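Scroll down for the structure; my scribbles are underneath it.
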Amino acid sequence: MAENQKTTTELNDEEVQRLLREKRYNALRWYVLYVTAQHERQILEAFTGKPDAYRPARKSRSGASLAKKLPVLDPPIEAYVPMREERHKWSDRTRIVPICLAPGIIFVRIRLKDKARLYISEHIRKFLYRKDLREPASISDDTMEAFKSIIEKSSDSSMQAPEPGDTVQVLSGPFEGFQGEIVRRDGATHFQLRIFEGCAVTVRMDANMMKVVPKGTQRVFPDAKF
């Protein structure tokens, strides 16, 4: 009896590692998958089976879709691409443009034993690996939910990207609480901002440090040359 109990309760290190590895491979966890940049939304659509809300369907004269689609996973999986909406304004129109916050990355929730079936396109590269385990690095559900919450709050605070002529309020930095007028765009995410609070100065500021002030509540800025 003692011998039987010993064989069932005492395992060597190799057996313990095998059991732990088997448990990890059967657990449903989040993983980081590298893909070709600018293909994140197309792959997300194929993984989840849900149509991309930002890509209007283009059809030929016969009514057939012109969009090249990847085969949809069967069954589909849960996947996530962090996005933010920005308002881009031209002389004749304004359009909401989706911005991918982590280019070349898709978060997928799968069992590790099923990872091979995700390679449905040459644009899907590889998983983020843990060198110590020699297998893809997992993310807990709690950590992923916290990450999603941060992205959603960030998107809410920057629903529209400032454009030249817009009035914005500074959210952080030495000018926190001040209002200013966007003079011009300086690259993809930085702006020249004219601030008036007793004097007029021009500062270069990141888009994440400001929010657009609704019309009717802006301060009046004096004419000045910079």
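Just so it is clear, the structure is predicted and the values come from calculations on it, not from any experiment. These numbers come from the heavy atoms of this one structure, side chains and all, not from hydrogens, waters or symmetry mates.
For the residue pair P136 and L112, the shortest heavy atom distance occurs at CG-CD1, 3.7 Å. Nearest heavy-atom pair across V81 and C100 is CG1-SG, 3.8 Å. When all heavy atoms are compared, the tightest approach of L73 to R117 is CD2-O, 3.3 Å. Closest approach of I139 and M144 over heavy atoms only: CG2-N, 4.1 Å. Considering all non-hydrogen atoms of both residues, K50 and E45 come closest at O-CG, 3.1 Å.
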Would you tabulate the side-chain donor-acceptor contacts of residues 27-36 under 3.5 Å, counting partners in other chains and residues two or more places apart, or write 'none'?
| from | atom 1 | to | atom 2 | distance (Å) |
| --- | --- | --- | --- | --- |
| T36 | OG1 | H123 | O | 3.4 |
| T36 | OG1 | H123 | ND1 | 3.3 |
| T36 | OG1 | R125 | NE | 3.2 |
| T36 | OG1 | R125 | NH2 | 2.9 |

Report the C-alpha distance between D52 and L44 in whole Å, list the side-chain angles of each, state the deciding distance to 0.1 Å, and finish with yes or no for side chain to side chain contact (heavy atoms under 4.5 Å, CB included). CA-CA 8 Å; D52 184 357; L44 178 69; over 6 Å; no
Does the pair F127 and K115 meet the rule for a side chain to side chain contact (heavy atoms under 4.5 Å, CB included), with working shown? CA-CA 9 Å; F127 283 85; K115 69 184 180 70; 3.7 Å; yes
Verdict with reasoning, Q179 to V213, per side chain to side chain contact (heavy atoms under 4.5 Å, CB included): CA-CA 8 Å; Q179 285 191 13; V213 177; 4.1 Å; yes
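Contact check on E135 versus R130 returns no salt bridge, with no Lys/Arg side-chain nitrogen under 4.0 Å from an Asp/Glu carboxylate oxygen.
Of the possible polar contacts, none joining the Q42 side chain to the H39 backbone as a donor-acceptor pair under 3.5 Å is found. Panel note: side chain S149, backbone E145; no donor-acceptor pair is recorded below 3.5 Å. Between the side chain of Q169 and the backbone N or O of K211, no donor-acceptor pair lies under 3.5 Å.
Looking only at side-chain heavy atoms (C-beta outward), I182 and L193 come within less than 4.5 Å of each other.
Classification of the F107-Y80 ring pair by plane angle, with boundaries at 30° and 60°, yields tilted.
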